[in-house]
Amino acid sequence: MRKLTPRSVLLGLAAPVGALVFAAVVSAIILAVTGHAPTDAVDAMARAAERPRTLVNAVNSATYYYLAAVAVAIGFRMKLFNIGVDGQYRLAALLSAALAGAAFMEQLPSFLRITVTIVVAMLVGAAWAGLAALLKVTRGVSEVISTIMLNAVATYLVSYLNRPERLAVSTAGSNNIGTPKITEGGQVAGFTVEGSSSKLFGLIFLAAAVGVLYWFVLSRTRFGFELKATGLSESAAVASGVNVKKMVVLSMLLSGAVAGLVGMPQLLGSSYSYSLDFPAGLGFIGIAVALLGRNHPIGMAIAALLWGFLANTANSFDTSGIPREIVDIMQGVIVLSVVVAYELVRRYRVRAEQHAVGGALGRTKTLEEVSS
Amino acid sequence: GAKNNDTGSGGGTPTSGAPAAGLKIGLAYDIGGRGDQSFNDSAARGLDKAKTEFGLDVKELEATAGETEAQKEDRLRQLVEGGYTTVVAVGFAYAEAIGKVAKDSPEVKFAIIDDFTDGVDTGANIANLTFAEQEGSFLVGVAAALKSKTGNVGFVGGVNTPLIQKFEVGYTAGVKAVKADATVQVKYLTQPPDFTGFNDPAKGETAAKGMFDAGADVVYAAAGGSGNGVFKTAKANSKWGIGVDSDQYNQPALAEVKDVIITSMIKEVDVAVYDFISSVKNGSFKAGQKVYDLKAGGIDYATSGGKIDDIKAKIDEYKAKIVSGEIKVADKK
Amino acid sequence: MTVGGLSVGLDTAAAPKRGKRASPWTYALFAVAALAVISLVRVTTGATDLTSAGTVQAALTAAVPLAMAALAGLWAERAGVVNIGLEGMMVLGTFGAGYAGYQWGPWAGVVFGLFLGVVGGLLHAVATVTFGVDHIISGVAINLLAPGAALFMSKLYFTDAPGGGARQSPPIGDAPKVTVPGFADLMGTIEDKHWFLLSDLAGVLRGLTTQISVLTLLAAALIIGTGWLLWRSAFGLRLRSCGEAPAAAESLGVNVYKYKYLAVTASGAFAGLGGAFFAVSSGQFREGQTGGRGFIGLAAMIFGNWRPGGLATGAGLFGYTDAMSLRGSDAVHALLLLLGIALLVVAVTQYRSGHHVLSGFAAAIGVLFGWWFFASDEVPPELVGAAPYVVTLLVLTLAAQRLRPPKLAGEPYRRGQSG
Amino acid sequence: MSTEPPAAVELTGITKRFPGVIANSDVNITVRAGTVHAIVGENGAGKSTLMKILYGMQPPDEGTIAVNGAPVSFGSPADAIRAGIGMVHQHFMLADNLTVLENVVLGSEPRKGVALDFAAARAKIRDISDAYGLGVHPDRLVDDLGVGERQRVEILKVLYRGARVLILDEPTAVLVPQEVDELFGNLRELKAEGLTILFISHKLDEVLSVADDITVIRRGTTVASVSPSDVTARELAELMVGSALPVPELRDSTVTAKPVLTVKNLTVTGADGRLVLDDISFTIHAGEVLGIAGVEGNGQAELVEALMGIHAPNAGRVTLGDRAGNQRDITRASTRHRREAGMGYIPEDRHRQGVLLEASLWENRVLGHQTRPPNNRGPLLDRKGAKADTRRIVSEYDVRTPSIEVNASALSGGNQQKLIVGREMSGRPVVLLASHPTRGVDVGAQAAIWDHIRRARAQELAVLLISADLDELIGMSDTLAVILRGRFVAEYDPRTVTPEQLGSAMTGAGKEG
Ligand SMILES: Nc1ncnc2c1ncn2[C@@H]1O[C@H](COP(=O)(O)OP(=O)(O)OP(=O)(O)O)[C@@H](O)[C@H]1O
Ligand SMILES: Nc1ncnc2c1ncn2[C@@H]1O[C@H](COP(=O)(O)OP(=O)(O)OP(=O)(O)O)[C@@H](O)[C@H]1O
Ligand SMILES: [Mg+2]
Ligand SMILES: [Mg+2]
């Protein structure tokens with residue numbers, strides 16, 4: 001991380017701001033061309049932004065988007081593509097939900113019960129991710145393929161386990177099916193927000209803590225340094241005494257453990273049970289958020305909030321007669337234009353840097369100077 | 001802010017019994033929304049009918065895949081806040097959300113389709129409209145067994161959920177009731193949370209083809225849009241298919257394959273929605289579960305195309321027995 | 001970077017042995033041996049679906065879009081551009097096919113699906129080649145954008161179309177199908193005899209000659225054509241050089257940007273075609289009908305070592321197990337035995353070549369599968385669908401990773417920056 | 001003068017600016033047809049840039065180019081190729097995964113319809129290869145070729161296109177004397193055929209032996225045009241840098257009796273089962289430099305990697321003595337443990353193993369030393385300490401950079417190398433494995449690097465020195481070993497050996513020693 005100067009701050013802001021403006025323009029054009037009033041969309045977003053409930057929901061969504069992004073980013077930092085966050089968190093949520101909802105858990109004091117639930121989720125996530133790591137270091141199987149496959153396998157495993165004859169209970173009259181409801185002692189209380197019927201997830205602090213920890217480990221520890229070094233150049237890392245195999249296993253386990261946390265805010269703060277309508281696909285959103293936030297702890301937080309807000313404005317769009325798909329389009333355009341903008345700024349920076357180096361070398365001398 | 005809406009909805013006292021003038025109806029669809037040619041569309045038909053008849057102010061919102069309960073709840077709340085005093089939630093996924101919102105807005109009348117979970121989505125202002133899909137499935141099972149020459153029939157479920165299992169259980173019971181030794185091949189196309197099984201005709205085609213190859217000659221497609229694939233392969237192999245939810249023989253999208261659809265299990269979501277709206281309209285709203293079964297006419301089987309005219313009498317016999325309670329169709333394995 | 005950035009682990013698997021490539025006869029012999037084993041399992045378990053014509057047909061149907069996606073990935077990566085946006089481009093293809101298909105027939109659908117794929121490809125090319133955006137990011141963005149755009153347009157165009165809906169197009173006619181007359185029936189007769197090996201071979205052949213969609217033939221032609229074009233023509237050499245050593249190519253006067261653009265555009269076209277195949281073969285566009293096959297296609301490409309024959313094998317293997325898991329459950333149960341035997345064979349060969357740990361591992365899983373087979377009557381229905389994924393993972397784990405990705409796939413390249 | 005044929009190439013007033021740097025400023029060069037024209041100058045003087053401009057890879061900001069008297073303007077290498085110009089680049093421009101044939105024909109493929117005419121290409125490559133004695137096999141994979149062969153493939157690429165003007169940018173940097181001689185033989189043959197050759201090299205004796213004309217470039221501009229018969233190497237060097245040519249030499253022996261690195265029967269097999277290191281044994285004592293001479297690809301890289309613990313040996317023992325003289329078996333130790341035990345490493349390919357191009361200089365300081373002060377405090381990084389120490393290295397080792405926060409990629413190769421040397425020396429190593437420590441580095445930086453090694457040696461550093469520069473090897477080593485096909489085949493006293501003797505031992509031609 002570089003020193004902050006007014007210029008570097010300005011440059012840092014140029015990319016995201018420019019890209020957001022561009023994305024807004026593109027979306028407006030699309031809406032206008034298809035016979036919708038872009039002003040309605042702006043209106044809808046403004047109304048959403050004024051509604052405390054939407055904001056709370058946006059922050060809550062951002063909580064698990066952020067966790068998913070961190071899980072993805074840990075791997076990305078060393079060019080390890082954990083596409084499998086999706087399967088990892090679903091399996092982890094199911095198993096830890098089943099445990100937390102089990103009768104014997106009610107004996108435990110609340111804090112311990114929650115801790116056990118969370119730790120189990122992390123272990124399950126880590127184990128499922130560890131499988132991919134193991135295949136990679138022992139057999140050279142690309143983690144891209146293995147995690148895609150493991151996502152699918154997790155889906156089948158979850159649906160096998162989520163049956164009344166196994167981990168689930170079925171409730172009379174309900175068409176849903178899920179694990180037994182976690183009783184109050186196992187839940188994490190949320191924060192009431194004035195004017196909002198939704199509560200802010202209590203586990204938002206968990207996400208924040210994970211973010212701080214992520215930042216600290218990556219930028220302040222040897223492990224983080226080695227992670228980054230491996231990502232920048234595997235061969236240089238090896239020559240520098242980094243045990244890349246160990247790093248692959250470690251970071252995959254860490255990534256999986258954080259992935260295991262993805263389902264926790266929702267599970268312990270709102271659903272209290274893993275059932276058919278437990279949110280799916282968060283792993284893929286995590287990839288987008290991590291990329292958008294450039295694997296940076298704060299960048300990802302901002303990206304997650306943006307994502308959360310957009311996702312929660314869909315209802316408002318609907319109410320205003322704007323097709324909710326415009327949200328997906330906006331998200332895609334934002335990612336693309338943000339990275340294009342970053343690239344342009346980066347090129348500018350490199351030139352500036354070379355300029356500086358050239359200046360320091362004082363390369364250009366006149367012929368007379370040279371021959372004298 | 002629920003209280004503020006009292007005036008917005010016409011000033012009437014929000015107690016059951018008083019007919020509301022200029023009703024504002026909000027409808028929250030499940031994933032797929034209006035135009036899914038299936039479940040949601042059926043609800044939309046009911047709404048449209050009510051709208052033309054009563055001249056309502058309606059607002060329709062739909063769900064997105066992968067969304068959370070908070071977003072569902074937000075959807076319902078937006079309807080309530082928008083002054084929609086009659087709200088229909090289409091699909092069991094709204095169970096928790098509707099329970100919470102209804103509690104905060106006692107003046108609004110709610111209905112949820114496909115769910116009745118005590119303590120979750122029950123209350124003085126919630127009508128739970130559920131269907132006895134197993135009964136209709138039983139009847140088409142009877143049809144399948146009577147029509148089958150091989151004694152081997154198939155069931156293709158879209159996604160393996162308790163709801164679709166109800167169809168399977170009823171169907172199997174119907175088949176066995178006619179031919180105890182008949183074979184019923186069962187296949188679900190995907191497992192939750194992968195809901196593409198309702199949307200993947202290619203998978204439907206492969207699964208049904210497998211069943212036909214293994215000797216089945218009638219396949220019941222409880223698989224939403226994937227049913228198209230089932231009918232297509234039935235046609236290619238000169239076998240039969242059974243439709244679901246609406247009378248699929250008459251669906252324009254299926255015009256080319258309709259001659260293999262011998263019957264359909266009809267689930268009258270439109271009737272339920274319409275009934276609910278008119279009950280609010282004329283002040284006869286009643287909270288609690290309303291079961292749409294064979295007896296209530298919310299469930300039925302289709303005869304369009306005339307393919308089962310020869311066995312209609314037999315089917316109706318079973319129907320009568322179910323209506324009378326002589327046959328009880330279980331909804332779980 | 002495309003195999004997943006790090007090369008760690010690749011050295012543990014046997015190193016790529018160059019030298020002579022196996023002759024066609026070796027391959028044929030291998031295929032017959034494999035078929036014999038399958039046949040043996042078929043005879044002992046009675047699961048005729050293992051080699052029935054129906055399975056083969058279904059496998060083909062499932063494999064074709066995968067192969068197209070894999071081919072799309074191959075074109076892009078051979079020119080040095082990683083295309084993880086395949087899924088999105090396929091979605092555009094499904095929409096395109098639906099849009100043109102219902103109005104002007106299936107062929108128009110194919111063409112327009114391909115065209116929309118090209119649009120997606122061009123977007124990726126602009127982002128990655130012109131702007132030097134990270135290939136993965138651009139791909140992810142396209143995967144976000146395309147389904148949203150497809151649904152947006154679908155609501156716009158199909159909602160009021162006859163027989164259409166917000167999320168589906170009106171029906172499209174199917175592409176013509178061909179059957180080899182006489183031959184297919186003959187094979188059918190042999191297949192029904194349930195003879196060892198012979199009937200299995202007949203089943204496979206019948207599957208390959210009955211009711212084959214012209215689109216399937218087109219796909220086969222494209223795979224073979226790609227192989228020829230990329231490895232036998234000047235155009236192909238230039239294209240591949242952009243993925244191996246763009247700086248060298250540039251220094252020899254090859255317009256690297258042009259070839260990258262062409263390749264990524266072609267990649268989009270293939271992906272669009274794969275999408276169109278879904279729509280046309282299932283009779284209509286439906287939202288979400290690609291169901292993540294773009295990613296599986298990418299996996300098939302890696303599986304196939306960035307070669308047309310390899311990716312066809314990968315797609316075929318996946319299609320086969322996928323078809324089997326969707327058809328009867330018997331076959332999947334029999335598959336347990338088959339896997340058990342295959343793993344034991346692997347264990348023996350690995351033991352003989354000195355890889356004792358791997359051999360033990362294979363033997364253990366093999367025995368486990370065997371035990372599972374004998375101890376149960378069926379695979380739990382919830383797990384049947386996992387078969388293609390598990391089999392792919394197992395094959396990848398046990399096969400030596402002799403992968404040779406294009407050297408600079410995924411690396412941003414800028415003109416005049418080399419040397 | 002008017003009777004003379006037009007110059008093959010005439011560069012007039014060429015100026016090229018990069019951000020912050022003027023790479024070329026008003027360069028004027030006339031290259032006579034049918035001659036070998038050498039261009040010399042220190043690192044970054046602008047030689048490669050000038051050649052890239054002539055080859056159409058970069059447009060000049062100002063100035064004109066004339067080929068055979070006619071003015072030309074190149075938009076891309078394709079234009080230059082059409083004008084009969086070919087270039088062999090400083091770094092190989094070959095695709096490893098393609099065959100020689102594919103590499104050669106790329107861009108000007110013979111065709112049969114749409115298809116590439118492999119038969120015709122093969123025949124033509126064989127013809128050229130035979131005509132100039134290049135000995136290149138069209139169907140081999142480039143990945144399997146050694147450096148010398150690759151060099152010849154590069155030349156073949158140019159000849160294949162029928163070039164009349166050949167640009168060779170530092171073609172000899174990676175070649176051993178015998179290969180250099182072969183190359184020069186080839187060049188003379190080409191010259192005899194009437195081809196014109198532009199030749200860049202840092203090895204001035206080579207330049208003097210092969211060139212007809214010499215142009216000296218300094219800080220982007222032409223400072224002199226001389227004839228080889230009129231100058232000595234020393235004078236040439238002074239023209240280049242304005243100072244005397246540094247000489248690698250060790251003044252007096254500092255070798256002690258304390259063994260530091262002891263290698264016994266080290267054997268390594270490659271991925272394909274071939275022996276790449278065969279029963280290697282040696283001992284380096286404190287204060288001793290062991291030089292290893294050998295043609296590239298004879299096991300040097302594997303030896304270094306085995307010693308660094310990057311690849312495990314199949315057999316043998318490696319022991320490392322610490323300052324107190326305690327011996328430790330490190331045969332199975334990890335790279336990190338070796339580094340912590342005092343092994344320093346200057347890799348041959350700095351971009352692959354030495355630096356993180358996209359990381360700042362101070363992070364590059366930490367690289368490889370992340371487990372030792374001043375870079376860490378336990379499991380934590382000590383950013384302050386690392387930065388302070390980087391500043392020290394930058395000033396002590398004269399790394400030219402505006403700040404320690406810029407990325408390593410912004411530095412020139414020579415400056416990157418100085419940073420690496422500084423870093424490795426700062427780890428207080430007991431033994432330094434130095435692979436080509438001065439490759440591609442200009443004379444000033446070279447002298448500085450040699451100086452640092454000398455000083456450390458005086459303080460009991462043991463050094464394993466691998467280099468393709470035989471003068472460097474002879475001048476810097478206390479002991480010299482020759483490696484051939486993975487075995488030590490000869491040992492020499494550097495005080496008595498000549499480069500020619502070494503060269504023949506390296507190629508297996510000599511049998512003395
Ligand atoms: N293609 C390029 N793009 C950007 N900068 C470049 C490029 N080529 C060279 N440079 C810059 O030029 C400077 C040094 O270039 P160059 O490679 O000629 O140095 P060098 O001393 O010759 O190094 P080497 O010995 O590795 O060739 C560095 O600042 C580098 O960033
Ligand atoms: N693409 C580029 N972008 C920016 N600067 C460059 C670029 N290419 C070269 N330079 C600058 O131009 C200077 C001249 O570089 P050039 O490669 O021509 O040197 P050279 O004489 O070939 O050096 P060497 O002997 O090390 O090969 C470099 O030091 C570098 O600063
Ligand atoms: Mg250089
Ligand atoms: Mg140079």
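Side chains included, hydrogens not; waters and symmetry mates left out as well; all remaining heavy atoms used. The chains referred to below are lettered A, B, ... by the order of the sequence lines, with proteins before strands, and numbering in each begins at 1. Predicted, not measured: the structure shown is a model, and the values here were computed from it.
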If you look only at distance, which donor and acceptor atoms sit under 3.5 Å apart when one is on a side chain in residues 122-129 of chain C and the other is two or more places apart or in another chain?
unit_1	atom_1	unit_2	atom_2	d
C:His124	ND1	C:Ser138	OG	2.8
C:His124	NE2	C:Val82	O	3.0
C:Thr128	OG1	C:His124	O	2.7

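More than 12 heavy atoms of other residues, nucleotides or ligands sit less than 6.0 Å from atom OH of C:Tyr320. Within 6.0 Å of OH in C:Tyr257 there are more than 12 heavy atoms belonging to other residues, nucleotides or ligands.
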Next item on the list: Applying side chain to side chain contact (heavy atoms under 4.5 Å, CB included), run through A:Val333 and C:Leu145 and close with a yes or a no.
Entry: CA-CA 7 Å; A:Val333 175; C:Leu145 201 58; 3.6 Å; yes
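Most heavy-atom pairs under 4.5 Å with chain C, from the set A:Gly75, A:Gly35, A:Ser159: that is A:Ser159. Chosen from A:Ile148, A:Val153, A:Ile83, the residue pairing most often with chain C at heavy-atom distances under 4.5 Å is A:Ile148. For chain A, the option among C:Asn143, C:Leu358, C:Leu298 with the highest count of heavy-atom pairs below 4.5 Å is C:Leu358. In terms of non-hydrogen atom pairs under 4.5 Å with chain C, the most contact-rich of A:Arg347, A:Met330, A:Arg324, A:Gln331 is A:Arg347. Contact tally against chain A (heavy-atom pairs below 4.5 Å) for C:Gly88, C:Gly132, C:Ala300, C:Pro412: the top residue is C:Gly132. Contact count versus chain A (heavy atoms, under 4.5 Å) is highest, among C:Phe131, C:Phe295, C:Phe303, for C:Phe131.
Taking all atoms of both residues into account, the shortest heavy-atom contact from C:Gly148 to A:Asp328 is CA-CB, 3.7 Å.
Side chains of C:Leu393 and A:Leu150 form a contact here, defined as non-hydrogen atoms less than 4.5 Å apart. Contact check for A:Arg166 versus C:Glu382: side-chain heavy atoms found under the 4.5 Å cut-off. Counting only heavy atoms from C-beta outward, the side chains of A:Ile30 and C:Phe152 approach each other to under 4.5 Å.
A distance of 6.0 Å separates OH in A:Tyr160 from CG in C:Leu383, rounded to the nearest 0.5 Å. One finds the NZ atom of C:Lys155 at 12.0 Å from the OG1 atom of A:Thr34 (value rounded to the nearest 0.5 Å). In this structure, A:Glu343 CD and C:Thr130 OG1 are separated by 11.5 Å, a value rounded to the nearest 0.5 Å. Note that CG of C:Asp134 and OH of A:Tyr342 are 13.5 Å apart. Values are rounded to the nearest 0.5 Å. Rounding to the nearest 0.5 Å gives a distance of 5.5 Å between CZ of C:Phe318 and CE of A:Met149. To the nearest 0.5 angstrom, C:Leu144 atom CG is 5.0 Å from A:Trp307 atom CH2.
Considering only residues two or more places apart in sequence or on other chains, A:Asp86 meets the salt bridge (charged side-chain N to carboxylate O under 4.0 Å, His left out) condition with A:Arg90.
For a residue to count as touching a neighbouring chain, one of its non-hydrogen atoms must lie under 4.5 Å from one of that chain's; by this rule A:Arg294 does not touch chain C. For a residue to count as touching a neighbouring chain, one of its non-hydrogen atoms must lie under 4.5 Å from one of that chain's; by this rule A:Leu336 touches chain C with backbone and side chain alike. Both the backbone and the side chain of C:Ile137 come within less than 4.5 Å of a heavy atom of chain A. Within the 4.5 angstrom heavy-atom criterion, no atom of A:Thr155 approaches chain C. Of the atoms belonging to A:Leu157, heavy atoms from both backbone and side chain fall under 4.5 Å from chain C.
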